[in-house]
Amino acid sequence: MRGFRRKQAIEELTMKKILLVNGPNLRLLGRREPEIYGHDTLADIVDACRECAGELGFELVDFQSDSEGELISCIGEAPLKDIAGIIINPAGYTHTSVALHDALLAADLPAVEVHLSNIFKREDFRHTSITGSACIGVVAGFGKESYVLAVRALAARLQ
Ligand code: CA2
């Protein structure tokens, strides 16, 4: 490998990694409840985040699960996988999961919580985020743009 390709490969190897974690049912995005969550699919959102992260010099790794245990394991493994920071939409677990909150604290990495919808304009049970206090900040209410804003905010913290 020579010249430009070698430089590109070295840059990719040394790029800091951002982990994007999506919780339960977010794989259904774009197919149901577009009036609340918009028309973008999860793949569209991940692509937009990856593009934004790349422009800012970060590699984006993504993970989605409906299982609280799998989400906790993924966050727990992040420091061992050389992840520099986390963006998470815990979805329904936002409002219920002390275990995810504890996993985020234990990982000890800067994390940003993200929501497509404005959780404060919705049912009372969505007004509380258990996981939010384990994060450096929360972005909510801007659809796909919430995620892109979260990438920008986390990248600024990591630079
Ligand atoms: O606004 C958000 O991003 C939420 O995290 C989405 C969660 C909800 O429980 C939170 O209160 C706010 C729901 C994710 C489920 O996504 C669906 C997508 C399409 C159809 C049905 C559910």
Side-chain angles (χ1 to χ4, degrees), residues 16-56 58-79 81 83-158:
K16 284 189 186 168
K17 287 185 206 155
I18 290 174
L19 172 66
L20 172 61
V21 180
N22 281 291
N25 299 313
L26 286 163
R27 66 196 150 65
L28 301 173
L29 283 176
R31 282 188 270 153
R32 302 171 86 182
E33 302 193 50
E35 65 288 355
I36 302 176
Y37 299 119
H39 291 278
D40 291 305
T41 65
L42 188 57
D44 294 334
I45 290 172
V46 172
D47 283 351
C49 289
R50 183 160 288 127
E51 188 182 331
C52 179
E55 283 166 11
L56 298 169
F58 291 84
E59 182 187 345
L60 189 112
V61 181
D62 80 291
F63 180 76
Q64 188 279 327
S65 177
D66 293 340
S67 151
E68 190 176 16
E70 284 183 10
L71 294 167
I72 290 166
S73 298
C74 174
I75 292 165
E77 286 161 16
K81 292 186 173 167
I83 300 288
I86 299 172
I87 295 170
I88 181 165
N89 185 345
Y93 294 136
T94 305
H95 320 294
T96 63
S97 182
V98 173
L100 264 181
H101 165 277
D102 293 349
L104 285 165
L105 281 189
D108 200 23
L109 295 171
V112 178
E113 180 167 306
V114 62
H115 297 286
L116 293 153
S117 63
N118 181 349
I119 54 175
F120 302 105
K121 271 179 83 174
R122 301 185 62 194
E123 304 96 317
D124 286 354
F125 66 85
R126 296 187 204 273
H127 295 182
T128 302
S129 168
I130 292 180
T131 43
S133 66
C135 297
I136 55 173
V138 178
V139 187
F142 301 101
K144 181 169 76 176
E145 202 56 30
S146 289
Y147 281 77
V148 176
L149 289 167
V151 171
R152 291 191 186 287
L154 183 59
R157 177 61 67 97
L158 295 173

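Start at 1 and go down the list; that is how both ligands and their atoms are numbered.
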What atoms of ligand 1 come within less than 4.0 Å of a heavy atom belonging to H95? 10 (C), 11 (O)
Taking both backbone and side-chain atoms of H115, is any N or O found less than 3.5 Å from an N or O belonging to ligand 1? yes
Assess whether side-chain contact (heavy atoms from CB on, under 4.5 Å) is satisfied between D40 and L29, documenting all intermediate values. CA-CA 7 Å; D40 291 305; L29 283 176; over 6 Å; no
Kindly compute the distance separating CG (L154) from CG (L60), expressed to the nearest 0.5 Å. 10.0 Å
Where ligand 1 meets G92 - atom numbers and elements under 4.0 angstrom, heavy-atom basis: 9 (O)
Looking at ligand 1, does any of its N/O atoms fall within less than 3.5 Å of an N/O of R126? yes
Check contact between R31 and ligand 1, using heavy atoms of the residue and a distance below 4.0 angstrom. no
For residues E68 and S97, is any side-chain donor paired with an opposing acceptor at under 3.5 Å? yes
In terms of residue, atom name and distance, what is the protein heavy atom nearest to atom 13 (C) of ligand 1? Y37 OH, 3.3 Å
For atom 19 (C) of ligand 1, find the nearest protein heavy atom and state the residue, atom name and distance (0.1 Å precision). R32 O, 3.3 Å
For the 3.5 Å polar cut-off, considering only N or O atoms, please tell me whether L116 and ligand 1 meet it. yes
What atoms of ligand 1 come closer than 4.0 angstrom to any heavy atom of E33? 21 (C)
Which residue and heavy atom of the protein sit nearest atom 15 (C) of ligand 1, plus the separation: N25 CB, 3.6 Å
Subset of ligand 1 atoms that lie under 4.0 Å from at least one heavy atom of L29: 18 (C)
Look at ligand 1 and say whether T94 reaches it with a heavy atom at a distance under 4.0 Å. no
A student checking ligand 1 against S117 at a 4.0 Å heavy-atom cut-off should list atoms 1 (O), 2 (C), 12 (C)
If we count only N and O atoms by modelled type, under 3.5 Å, do the side chains of N22 and Y147 hold a donor and an acceptor together? yes
Heavy atoms from other residues, nucleotides or ligands near CZ of F142 exceed 12 (cutoff 6.0 Å): no
Given 3.5 Å as the limit, does a donor-acceptor pair link the side chain of H95 with the main chain of S129, or not? no
